[in-house]
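As structure tokens, the structure follows; a few thoughts come after it.
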Amino acid sequence: MTFTTFFAQAQQPVLVSPQWLHEHQKDPDLVILYTGFVIKADFEREHIEGSRFLWPDWLAFNTPEGNMYPPDLKAATKVMQDLGINHDSKIVICHKGTDLTIAARMFMTLEHFGLEGRVSFLNGGIEAWKRAGYPVTGAIISYKKGNFKPVLTNKLVDKNYVMQALKGQSSYVVDARMKRFYDGAPTGFPRDGHITGALSLPYPDMVDSLSQFKPTDKLQALFTPVLPDKEKITVVYCFIGQTACVDYLAGRALGYRMRVYDGSMQEWSRDETLPMEKTKK
């Protein structure tokens with residue numbers, strides 16, 4: 001693979017339209033991953049031609065210690081190679097209905113494992129595809145095992161990273177939950193409110209009534225008042241590290257340097273040594 005080819009792949013858009021996917025659907029290196037809160041029977045009944053089924057738990061699973069844990073490199077390698085992902089693959093994430101948040105988590109996880117610039121998100125998912133008049137199928141394709149070898153990047157960060165981000169001047173820390181939880185409404189977690197010093201950028205504001213990301217200019221109008229400097233690293237969090245990925249994806253589409261605090265409030269609220277506050281009335 002030449003440098004020119006790699007550079008072209010690295011410029012793959014973050015958000016793509018149904019038209020874009022239709023135009024690239026037959027590209028030999030394209031991999032469409034259909035994901036969301038769907039079982040395999042749903043996928044087998046209806047999907048975009050050429051899609052492969054990605055069960056979210058393969059890349060973000062729950063344990064007695066917490067939710068949304070990423071696999072280790074060995075397990076991630078098996079998942080990605082079993083999906084037929086190669087070193088030159090271009091990935092498009094497609095979701096069903098309102099499964100936007102878990103699909104966004106899959107997007108972030110693929111970037112975390114070294115696919116930044118080579119994974120796109122079908123804006124509006126399969127419903128947008130059908131509204132555009134493009135066909136779906138129940139046919140299952142066969143494909144060979146891939147050769148992609150994941151590498152860990154710093155897209156997922158821990159509480160120590162967040163603490164350092166709060167102390168410095170080169171990062172933002174952002175709460176992606178709905179504003180009422182940021183302010184201090186009861187959540188059922190040990191402590192309510194937000195990380196002291198965190199900013200509020202609620203994830204539902206990123207999408208419209210059809211679960212599509214808003215146009216770039218509208219997203220930028222939401223980001224700019226809160227995050228005026230794109231050069232700073234933006235660390236987003238939520239309850240368990242899932243809905244924050246909607247902010248992550250929107251930020252990536254706008255050119256921000258995004259990270260996700262994986263422990264999120266599930267971890268932070270349980271550690272009394274970590275600072276929290278409520279919005280003053």
Answer yes or no: is there a donor N or O on one side and an acceptor on the other, between the side chain of R118 and the main chain of H87, under 3.5 Å? yes
On a heavy-atom basis, the closest approach of P18 and L122 is N-CD1, 3.7 Å
Taking side chain as C-beta onward, heavy atoms only, is Y203 less than 4.5 Å from L100? no
Start with the C-alpha distance between H194 and F181, add both sets of side-chain angles, then the distance that settles ring-ring contact (aromatic ring centres under 6.0 Å, His included), and finish with yes or no. CA-CA 8 Å; H194 57 269; F181 299 125; over 10 Å; no
Does atom NZ of K230 have more than 12 heavy-atom neighbours from other groups under 6.0 Å away? yes
If you define the side chain from C-beta out and look only at heavy atoms, does anything of Y256 sit under 4.5 Å from I233? no
Over all atoms of both residues, closest heavy-atom pair of P150 and L73: O-CD2, 3.5 Å
Y248 side chain to E111 side chain, donor-acceptor N/O pair below 3.5 angstrom: yes
For the side chain of Q12 and the backbone of I91, is there at least one donor-acceptor N/O pair under 3.5 Å apart? yes
The side chain to side chain contact (heavy atoms under 4.5 Å, CB included) partner of F223 among T234, L201, V174 is L201
Is there a path of hydrophobic side-chain contacts, each under 4.5 Å between heavy atoms of I, L, V, M, F, W or Y residues, that connects Y182 with M206? no
Is any side-chain heavy atom of F107 less than 4.5 Å from a side-chain heavy atom of T109? no
R52 to Y34 six-membered ring, cation-pi geometry met (6.0 Å, 45°): no
Which heavy-atom pair separates W20 from P13 by the least distance, and what is that distance? NE1-CG, 4.0 Å
Steps toward side-chain contact (heavy atoms from CB on, under 4.5 Å) verdict (Y237, V260): CA-CA 6 Å; Y237 71 89; V260 172; over 6 Å; no
Kindly assign one of parallel, tilted or perpendicular to the pair W129 and Y134, based on the angle between their ring planes and the thresholds 30° and 60°. tilted
Flag the pair E49 and K26 as a salt bridge only when some basic side-chain nitrogen lies within less than 4.0 angstrom of an acidic carboxylate oxygen. yes
Salt bridge D27-K90, side-chain N to carboxylate O under 4.0 Å: yes
So if you build clusters from Ile, Leu, Val, Met, Phe, Trp, Tyr with side-chain heavy-atom gaps below 4.5 Å, do F37 and L210 land together? no
Measure the shortest side-chain to side-chain distance between I140 and F43 over non-hydrogen atoms and say whether it is less than 4.5 angstrom. yes
Heavy-atom distance under 4.5 Å between the side chains of K232 and L227, does that happen here? no
V136 with L30, same ILVMFWY side-chain cluster at under 4.5 Å: yes
Short side-chain to backbone donor-acceptor contact, Y172 and D229, under 3.5 Å: yes
Any donor-acceptor pair under 3.5 Å linking the side-chain atoms of K144 with those of Q81? no
Transitive ILVMFWY side-chain link V151 to M258, under 4.5 Å: no
If the threshold is 4.0 Å, N to carboxylate O, is there a salt bridge linking D175 and R177? yes
Heavy-atom closest pair (V157 atom, N154 atom, distance to 0.1 Å) is CG1-O, 3.6 Å
Non-hydrogen side-chain atoms of V38 and D99 separated by less than 4.5 Å: yes
Shortest non-hydrogen separation from S89 to V31 and the atoms involved: OG-CG2, 3.9 Å
For T35, the side-chain contact (heavy atoms from CB on, under 4.5 Å) test, sequence neighbours excluded, returns L54, P56, I93, A103, M106
Pairwise side-chain contact, K155 with F113, heavy-atom cut-off 4.5 Å (strictly under): no
How far does OG of S264 sit from CG of N67, to the nearest 0.5 angstrom? 10.5 Å
Assess whether atom CD of Q19 is packed by more than 12 heavy atoms of other residues, nucleotides or ligands within 6.0 Å. no
Do the side chain of N123 and the main chain of F213 share a donor and acceptor less than 3.5 angstrom apart? yes
Start with the C-alpha gap between E267 and Y261, add the side-chain angles, then the distance that decides, and say whether side-chain hydrogen bond (donor to acceptor under 3.5 Å, both in side chains) holds. CA-CA 10 Å; E267 176 182 56; Y261 168 33; 2.5 Å; yes
Are M80 and F61 connected in a single hydrophobic cluster, I mean Ile/Leu/Val/Met/Phe/Trp/Tyr linked by side-chain heavy atoms less than 4.5 Å apart? no
Would a 4.5 Å heavy-atom cut-off, applied to side chains only, mark I48 and Q25 as touching? yes
Are the charged groups of D42 and K96 less than 4.0 angstrom apart, N to O? no
Restricting to non-hydrogen atoms, name the atom on S211 and the atom on T98 that form the minimum distance, rounded to 0.1 Å. OG-CG2, 3.8 Å
Just verifying a value: how many Å separate M276 CE and S269 OG, rounded to the nearest 0.5 Å? 6.0 Å
Would you check, one step at a time, whether the test side-chain contact (heavy atoms from CB on, under 4.5 Å) holds for T137 with H47? CA-CA 5 Å; T137 182; H47 55 265; 3.8 Å; yes
Give me the one residue out of D262, L156, V119 that meets side chain to side chain contact (heavy atoms under 4.5 Å, CB included) with M108. L156
Could you check whether N62 and Y69, counting side-chain N and O atoms only, form a donor-acceptor pair closer than 3.5 Å? no
Can you find a side-chain donor-acceptor pair between T101 and Q242 that sits under 3.5 Å? yes
